Asks: 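Pasting a structure here, questions to come.
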Amino acid sequence: MRLNKYISETGVCSRREADKWISQGRVTLNGAPATLGHKVAPGDEVRVDGNPIGAKKQAIYIALNKPVGITCTTEAHVEDNIVRFVGHSERIFPVGRLDKESEGLILLTNDGDIVNEILRSENEHEKEYIVSVNRPITDLSLQMLASGVKIMGVTTKPCRIERVDAETFRMVLTQGLNRQIRRMCSALGYRVRRLKRVRIINIHIGALRTGEWRYLSESEIEGLLAT
């Protein structure tokens, strides 16, 4: 098993983060500094910052209805970070990000493999949002959002749009550029008043109240892992 995969499966971090730790010289394999591409065999000893890490823990998958004001980071020094907010006894980390000013569904896990799978842009996993803007939005503007808007030097991929009321619409994206929805709306002269994510692939926010979290069901996990 590759070293980064071994580290991520213990639940301490994602595979991408493990690569960073290895590059930074924080990881040793059988007492020697590890390098990217190293493989771990049965009986090998892996340490991070001098501390041994063990076998794979039971996978944890959590759905949280994130409130506005919570930051999606594992950095302990960040006030109102999402890991502290959830307060789980196991080390978990968020799958992707949801802006501090935004609310709604976000997944947390100790499974580094699923993090990489969901975040890999070419997989085009669907994420659904309800968006409210600061003034009535025209049908033409909704069509333009659906077709793609140029932000940060690139044109966004086509997406599905459905009007909810004069100032609110549903949006289904298959990409995740930084602050994408806010930038898209801003490019057309609108300011986002409220942004709530309600679905990630097959996981729906449902009746989960703001600030509450739950474990995913077996069927939800199966659907997520099948993507």
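As the structure is a prediction and not an experimental result, all values here were calculated from the model.
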Asks: Which is it for Lys39 and Asp44 under the salt bridge (charged side-chain N to carboxylate O under 4.0 Å, His left out) test, yes or no, and what are the steps along the way?
Replies: CA-CA 10 Å; Lys39 293 188 176 181; Asp44 283 348; over 6 Å; no
Asks: Is a side-chain donor or acceptor of Ser23 paired with a backbone partner of Asp19 at a separation under 3.5 angstrom?
Replies: yes
Asks: Write down the atom of Ser8, the atom of Lys5, and the distance for their closest heavy-atom approach.
Replies: OG-O, 2.9 Å
Asks: For the atom pair CG (Leu105) and CG (Leu98), what is the distance rounded to the nearest 0.5 Å?
Replies: 8.5 Å
Asks: On a heavy-atom basis, which atom in Ile22 and which in Ala34 lie closest, and how many Å separate them?
Replies: CG2-O, 3.8 Å
Asks: Could you tell me if the side chain of Pro94 sits less than 4.5 Å from the side chain of Thr109, heavy atoms only?
Replies: no
Asks: Evaluate the side chain to side chain donor-acceptor pair (under 3.5 Å) criterion for residues Tyr61 and Asp111: first the C-alpha distance (whole Å), next the side-chain angles of each, then the deciding distance (0.1 Å), finally the verdict.
Replies: CA-CA 8 Å; Tyr61 304 96; Asp111 183 350; 2.5 Å; yes
Asks: So which atom in Ile161 and which in Ala146 form the shortest heavy-atom distance, rounded to 0.1 Å?
Replies: CG1-CB, 3.7 Å
Asks: So, Asp99 side chain and Ser102 main chain: donor-acceptor pair closer than 3.5 Å or not?
Replies: no
Asks: Distance alone, cut at 3.5 Å: any donor-acceptor contact between the side chains of Thr71 and Arg97?
Replies: no
Asks: Following the transitive rule for hydrophobic clusters with a side-chain heavy-atom cut-off under 4.5 Å over Ile, Leu, Val, Met, Phe, Trp and Tyr, establish whether Leu142 and Val149 coincide in one cluster.
Replies: yes
Asks: Evaluate the side-chain proximity of Ser132 to Arg193: yes if any heavy-atom separation is below 4.5 Å, no if none is.
Replies: yes
Asks: With the side chain counted from C-beta on, respond yes when Arg15 and Ile7 share a heavy-atom pair under 4.5 Å apart, and no when they do not.
Replies: no
Asks: May I ask you to say whether Arg160 pairs ionically with Glu126, meaning some side-chain N is under 4.0 Å from a carboxylate O?
Replies: yes
Asks: Considering only heavy atoms from C-beta outward, does the side chain of Arg2 approach that of His38 to under 4.5 Å?
Replies: no
Asks: What distance do Met184 atom CE and Leu177 atom CG have between them, rounded to the nearest 0.5 Å?
Replies: 9.0 Å
Asks: Would Ile203 end up clustered with Leu173 when hydrophobic side chains under 4.5 Å apart are linked, directly or stepwise?
Replies: no
Asks: State whether Arg194 and Glu103 are salt-bridged, where the test is any N-O pair (Lys NZ or Arg NE/NH1/NH2 against Asp/Glu carboxylate O) under 4.0 Å.
Replies: yes
Asks: Is Thr168 reaching over with its side chain to a backbone N or O of Asp165, donor-acceptor style, under 3.5 angstrom?
Replies: no
Asks: Tell me whether Arg214 is salt-bridged to Glu220, with the criterion being a basic N under 4.0 Å from an acidic carboxylate O.
Replies: yes
Asks: Measure up the His88 and Tyr215 rings against each other and bin them: parallel (under 30°), tilted (30 to 60°), perpendicular (over 60°).
Replies: perpendicular
Asks: Considering all heavy atoms of both residues, which atom of Leu64 and which atom of Leu208 are nearest to each other, and what is their separation?
Replies: C-CD2, 4.0 Å
Asks: Under the 3.5 angstrom rule, does the side chain of Arg199 hit a backbone N or O of Ile201 as a donor-acceptor pair?
Replies: yes
Asks: Flag the pair Cys159 / Thr174 as yes when at least one side-chain heavy-atom distance between them is below 4.5 Å, and no otherwise.
Replies: no
Asks: So, applying side chain to side chain contact (heavy atoms under 4.5 Å, CB included) with Lys127, which one of Gln180, Arg197, Gln175, Met171 is it?
Replies: Arg197
Asks: Using side-chain contact (heavy atoms from CB on, under 4.5 Å), reason through Ile82 and Leu108 one step at a time and then give a plain yes or no.
Replies: CA-CA 9 Å; Ile82 193 170; Leu108 297 100; 4.1 Å; yes
Asks: Given the rule in the side-chain contact (heavy atoms from CB on, under 4.5 Å) test, do Ile181 and Tyr129 qualify, once you have shown the distances and angles that lead to the verdict?
Replies: CA-CA 9 Å; Ile181 295 175; Tyr129 303 81; 3.5 Å; yes
Asks: To the nearest 0.5 Å, what is the distance between OG (Ser186) and CG (Leu188)?
Replies: 8.5 Å
Asks: Please indicate whether Glu218 has more than 12 foreign heavy atoms, meaning atoms of other residues, nucleotides or ligands, lying under 6.0 Å from its CD.
Replies: no
Asks: Do Glu128 and Arg170 sit within salt-bridge range, that is, some charged N less than 4.0 Å from a carboxylate O?
Replies: yes
Asks: Taking the side chain as C-beta and beyond, is there a heavy-atom pair between Ile130 and Phe169 under 4.5 Å?
Replies: no
Asks: Show the numbers, then the answer: is there a side-chain contact (heavy atoms from CB on, under 4.5 Å) between Val68 and Lys100?
Replies: CA-CA 6 Å; Val68 172; Lys100 186 174 182 178; over 6 Å; no
Asks: Hey, what do you get for CD1 (Ile70) to CG (Asn65), rounding to the nearest 0.5 Å?
Replies: 11.5 Å
Asks: Assess the residue pair Ile62 and Leu107 against the criterion (side-chain contact (heavy atoms from CB on, under 4.5 Å)); give the C-alpha distance rounded to whole Å, side-chain angles, the decisive distance to 0.1 Å, and a yes or no.
Replies: CA-CA 6 Å; Ile62 287 172; Leu107 306 180; over 6 Å; no
Asks: Could you give the distance from CE (Met144) to CD1 (Ile137), rounded to the nearest 0.5 Å?
Replies: 10.0 Å
Asks: Is there a path from Val83 to Ile60 through hydrophobic residues (I, L, V, M, F, W, Y) whose side chains come within less than 4.5 Å of each other?
Replies: yes
Asks: What is the distance from atom CH2 of Trp21 to atom CG of Asn4, rounded to the nearest 0.5 Å?
Replies: 12.0 Å
Asks: Cluster question for you: counting only ILVMFWY and a side-chain heavy-atom cut-off of under 4.5 Å, with indirect links fine, are Val78 and Phe93 together?
Replies: no
Asks: Looking at side-chain heavy atoms only, is the closest gap between Val46 and Pro52 below 4.5 Å?
Replies: no
Asks: Under a single-linkage definition using a 4.5 Å side-chain heavy-atom cutoff for Ile, Leu, Val, Met, Phe, Trp and Tyr, are Val95 and Val198 assigned to the same hydrophobic cluster?
Replies: yes
Asks: State whether Arg179 and Glu101 are salt-bridged, where the test is any N-O pair (Lys NZ or Arg NE/NH1/NH2 against Asp/Glu carboxylate O) under 4.0 Å.
Replies: yes
